[in-house]
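Quick notes on the structure that follows.
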Amino acid sequence: MKRKQKYGSCACINCTYGKPLMEGRVVLCKKKGLVKPDAICGKYMYDPLKRRISPLPPIPKITLPTDD
């Protein structure tokens with residue numbers, strides 16, 4: 001049975017066994033060797049520390065009316 005994508009993208013770039021090489025264009029897997037970053041195999045194990053978090057949007061500035 002396939003694993004569900006409950007952590008976002010299931011890809012070798014987020015796997016415990018994978019190590020990104022060449023600015024993330026290739027992943028060196030301990031189990032499969034050189035693979036594409038978006039590949040996935042049966043040995044996939046999610047590593048939360050490898051997840052890339054997208055930056056938060058800037059907080060809008062609110063101007064409060066002043067009483068004179």
Side-chain angles (χ1 to χ4, degrees):
M1 179 176 254
K2 294 277 184 182
R3 293 188 174 126
K4 294 183 181 179
Q5 292 184 331
K6 64 180 182 179
Y7 298 113
S9 67
C10 291
C12 286
I13 196 82
N14 296 328
C15 182
T16 302
Y17 303 115
K19 181 178 180 182
L21 300 174
M22 298 184 341
E23 288 103 29
R25 290 184 279 157
V26 177
V27 175
L28 179 61
C29 179
K30 291 181 182 178
K31 304 290 182 178
K32 299 287 183 175
L34 291 175
V35 294
K36 293 181 180 179
D38 58 348
I40 187 169
C41 69
K43 300 288 185 180
Y44 177 80
M45 185 180 299
Y46 178 71
D47 186 2
L49 298 178
K50 290 188 177 182
R51 190 179 111 205
R52 293 184 186 168
I53 300 172
S54 59
L56 295 174
I59 299 172
K61 295 194 179 209
I62 300 173
T63 56
L64 298 174
T66 57
D67 292 333
D68 288 336

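Only a predicted model underlies this, so the values are computations on that prediction, with no experimental measurement involved.
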| message | If hydrophobic residues (ILVMFWY) are linked whenever their side-chain heavy atoms come closer than 4.5 Å, directly or via other members, who joins Leu64 in its cluster? | response | Ile62
| Contact list for residues 55-65, test salt bridge (Lys or Arg N to Asp or Glu O under 4.0 Å), sequence neighbours left out | none
| message | Can you tell me how far apart CG (Leu49) and OG1 (Thr16) are? Round to the nearest 0.5 Å. | response | 9.0 Å
| Minimum heavy-atom distance between Tyr17 and Met45, given as atom pair plus value | OH-CE, 3.7 Å
| request: For Lys50 and Ile13, indicate whether the former's side chain and the latter's backbone hold a donor-acceptor pair under 3.5 Å. | output: no
| message | Could you report the tightest heavy-atom contact between Ala11 and Pro37, atom names first, then the distance? | response | CB-O, 3.3 Å
| message | Show every salt bridge (Lys or Arg N to Asp or Glu O under 4.0 Å) that has at least one partner inside residues 20-33, sequence neighbours left out. | response | Glu23-Arg25
| request: Identify, with sequence neighbours excluded, every residue that meets side-chain contact (heavy atoms from CB on, under 4.5 Å) alongside Asp38. | output: Lys36
| said: Once side-chain contact (heavy atoms from CB on, under 4.5 Å) is applied, do any residues pair with Leu34, and if so which ones, sequence neighbours excluded? | reply: Leu21, Val26, Leu28
| request: Quick one: closest heavy-atom pair of Cys12 and Val27, and the distance? | output: O-CG1, 3.8 Å
